[in-house]
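Positions are given from 1, in the same order as the sequence printed here.
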Amino acid sequence: MSGNAVIYLCCVALGLMIIGSTAFDRVLREDAYNFIVTGMSIAHGDFDSFQKQSIGWPLFLGAVFWLTQVETVFGAMRLARWTSIILIAVSVVPLTLICRQLLPKRHAAAGCLCVMLAFISNPLIHFAGRGAMSEALFILLTMLAIWVFLRRDRPQNIAFTALLLGLAYWVRPNAIFVLVAVIVTIGLRLRLCQTNRARDVLLLVLVFIAVCIPYWSARYLEFGSAFDYGPNSKYFVDNYEQIWADNIQNPSLAAYLSTHSWSDYYDKFFRRGFFRVLNHVFYLLLPLHWVLLTGLSLLFYLYQGLAQRIAIIHMVLGMTVIGMTPVFDIFASVRHLIYVVPFMLLAAAWAASAIDRGSLRLANVLFALLILITLSTITPIKTFGFSHLGLPEVKDHWALWAARNIEGKVVIIEGADILRMSQHYELDGLRVPRRFSEVKRTVNTIRPGIYDNLTAAVEEFRRLGVKYVITDKNHIKRRPYLREIEQDKWSHVFQHIGYFKMGDPGTVLFGVNIYRLNYPDN
């Protein structure tokens with residue numbers, strides 16, 4: 001079997017593995033749901049729903065939705081999953097092409113097979129495929145950019161690399177880490193190239209800026225800042241809950257430094273920053289044998305000299321760790337690091353081939369052991385079957401009831417997305433999806449701020465014009481002051497209009513209470 005046939009077979013295998021383990025009939029939530037709604041709006045010619053999230057993935061989905069003429073948000077959820085799965089499966093191709101460029105020919109076949117098997121069996125890669133979020137497109141674009149960068153030392157390749165990284169920046173701002181890695185690699189002449197370094201760097205930066213200018217301009221016109229991502233830009237708050245509290249301002253770096261001590265700096269930037277990033281990279285992303293080889297690759301790289309093509313891979317890993325350090329104290333999610341999985345695999349494969357450059361037998365034995373160990377550590381995949389390929393469906397009874405019976409501004413800690421998507425059903429009591437263009441939002445959700453007591457919160461609710469408050473058994477602990485609603489002294493303000501203990505299997509929230517607000521005249 002030819003090498004290309006093996007690549008295509010791995011693409012198909014990865015796609016089938018993710019399809020079999022994806023519950024298509026479960027609704028997509030939070031960021032994924034927001035991306036889909038924005039994409040549907042774009043498909044219908046409405047760009048006014050421009051949000052503070054990156055717009056690249058919704059634009060891509062909008063094009064897919066427009067071409068397929070999907071009519072409902074639930075149909076769009078299913079289609080978004082398929083799109084994400086296809087993109088992550090196709091990413092096997094540039095990953096393998098990069099591996100071929102990095103490894104000597106005598107090791108390329110075994111090394112590429114190892115990398116492909118480790119990639120298609122990684123549970124985080126499966127998560128990126130089934131989640132219908134931006135990771136799948138971002139991984140594909142960054143892999144293509146690195147492949148083009150390594151091909152030949154020609155200006156057009158530098159320009160095309162910058163184009164792909166600019167598009168990746170539209171998808172996720174992490175692309176700036178990859179851009180810096182490419183600049184450093186060129187600047188230190190780490191590609192064994194004889195071209196003009198200054199010219200290449202200038203061309204790279206100019207093309208990248210040209211691609212990003214429309215995006216930055218749109219963000220500036222909409223939000224007053226090209227680089228403000230709303231709550232996601234609250235890097236210097238003290239804890240994660242403050243991100244989603246509108247009454248907590250976004251402190252600047254200068255404000256943080258002036259109000260905190262040196263011990264706070266150590267905790268934020270080192271203990272819960274740099275070291276936590278390293279913990280995620282070297283503990284959560286890959287099995288131990290791949291992690292060890294990834295670290296070993298750096299030692300070989302430093303020992304053999306800097307003029308190695310593997311330099312760009314190490315630079316991406318290094319710039320990612322450095323770039324994520326200031327924000328990881330707050331946004332400590334392995335999701336933000338999934339895109340470095342293929343880079344770690346490439347570094348590990350290079351290390352395996354570098355262990356003995358002169359012995360084909362030793363290198364191939366090592367690759368064979370890697371394949372066997374990788375196959376033995378694959379987590380069994382839960383297969384849902386064809387019954388889960390249907391349309392997603394809201395399972396929460398409270399959300400279905402609220403979407404038909406309340407209007408106006410609603411304060412809710414968790415589940416705002418479930419409530420919003422429930423408005424996409426017909427009002428006849430059945431879960432019949434409505435056309436996206438026919439849905440008019442009647443409920444606007446607000447996440448409650450952080451207050452010392454309910455009195456302060458009610459004053460803010462009055463100012464915002466809040467009409468309803470929805471709490472649930474599990475998440476009310478994130479806003480303890482809302483427990484005061486149950487006290488008799490607040491019964492004249494908070495009128496209890498509904499309690500929902502359970503929903504259908506797969507429900508999101510349990511023990512949900514719905515209150516109508518009756519503000520006192522004074």
Side-chain angles (χ1 to χ4, degrees), residues 29-31 33-34 51-52 223 228-252 255-256 259 330-331 396-399 401-403 405-423 441-501 508-522:
R29 298 198 55 214
E30 299 175 340
D31 286 349
Y33 172 69
N34 292 331
Q51 299 183 12
K52 288 194 175 182
F223 309 119
D228 180 19
Y229 286 83
N232 291 308
S233 293
K234 289 186 176 181
Y235 306 136
F236 301 108
V237 294
D238 291 326
N239 59 70
Y240 182 77
E241 280 303 316
Q242 292 180 343
I243 296 173
W244 312 110
D246 291 339
N247 64 320
I248 303 296
Q249 298 301 312
N250 181 13
S252 64
Y256 177 85
T259 57
I330 300 298
F331 298 97
D396 291 63
H397 293 171
W398 68 267
W401 183 90
N405 291 279
I406 66 177
E407 294 183 0
K409 292 184 178 180
V410 178
V411 159
I412 183 170
I413 306 169
E414 188 68 29
D417 50 348
I418 301 295
L419 178 55
R420 291 198 301 271
M421 71 180 70
S422 297
Q423 297 177 85
R441 180 181 291 188
T442 58
V443 174
N444 293 311
T445 57
I446 301 172
R447 197 186 295 262
I450 296 176
Y451 302 97
D452 294 329
N453 53 62
L454 188 56
T455 301
V458 169
E459 289 303 314
E460 182 66 10
F461 295 165
R462 184 203 293 267
R463 187 185 69 81
L464 295 173
V466 173
K467 293 185 176 181
Y468 298 89
V469 172
I470 298 178
T471 65
D472 70 281
K473 180 180 179 181
N474 293 330
H475 296 95
I476 196 170
K477 60 186 177 183
R478 293 163 53 182
R479 297 293 187 270
Y481 62 85
L482 290 179
R483 295 186 185 277
E484 298 179 32
I485 293 176
E486 300 177 0
Q487 297 177 4
D488 291 339
K489 67 177 183 178
W490 289 105
S491 60
H492 65 291
V493 177
F494 294 91
Q495 179 186 354
H496 190 265
I497 61 174
Y499 173 72
F500 299 84
K501 183 178 180 180
V508 174
L509 300 184
F510 302 90
V512 175
N513 286 289
I514 303 178
Y515 302 90
R516 180 185 291 114
L517 269 165
N518 301 307
Y519 297 104
D521 294 335
N522 49 357

* Decide yes or no for W401 and I514: does some side-chain heavy atom of the first lie under 4.5 Å from some side-chain heavy atom of the second? => yes
* To do: Could you tell me whether the side chain of I418 reaches within less than 4.5 Å of the side chain of L509, counting heavy atoms only?
  => no
Just verifying a value: how many Å separate [X] [atom1] and [Y] [atom2], rounded to the nearest 0.5 Å?
{"X": "D472", "Y": "K477", "atom1": "CG", "atom2": "NZ", "result": "10.0 Å"}
{"X": "N513", "Y": "F494", "atom1": "CG", "atom2": "CZ", "result": "12.0 Å"}
{"X": "E460", "Y": "Y451", "atom1": "CD", "atom2": "OH", "result": "3.5 Å"}
{"X": "H492", "Y": "N518", "atom1": "NE2", "atom2": "CG", "result": "9.0 Å"}
{"X": "K467", "Y": "N444", "atom1": "NZ", "atom2": "CG", "result": "10.5 Å"}
{"X": "R479", "Y": "L454", "atom1": "CZ", "atom2": "CG", "result": "13.5 Å"}

Would you find a donor on one side and an acceptor on the other, under 3.5 Å apart, between the side chain of [X] and the backbone of [Y]?
{"X": "N453", "Y": "A456", "answer": "yes"}
{"X": "D396", "Y": "V508", "answer": "yes"}
{"X": "R462", "Y": "Y519", "answer": "no"}
{"X": "D417", "Y": "E30", "answer": "yes"}

Pairs under 3.5 angstrom only: tabulate donor-acceptor contacts from the side chains of residues 481-491 to other protein residues two or more places apart or in another chain.
residue : atom : partner : partner atom : Å
Y481    : OH   : G449    : O            : 2.6
S491    : OG   : D488    : O            : 2.8

* Structure fact -> Contacts of V443 meeting side chain to side chain contact (heavy atoms under 4.5 Å, CB included) (sequence neighbours excluded), chain-then-number -> I406, V410, L419, Q423, T445
* To do: Mind running side-chain contact (heavy atoms from CB on, under 4.5 Å) on K409 and L517 for me, showing each step along the way?
  => CA-CA 11 Å; K409 292 184 178 180; L517 269 165; over 6 Å; no
* **Pairs touching residues 453-480 that satisfy ring-ring contact (aromatic ring centres under 6.0 Å, His included), sequence neighbours left out** => none
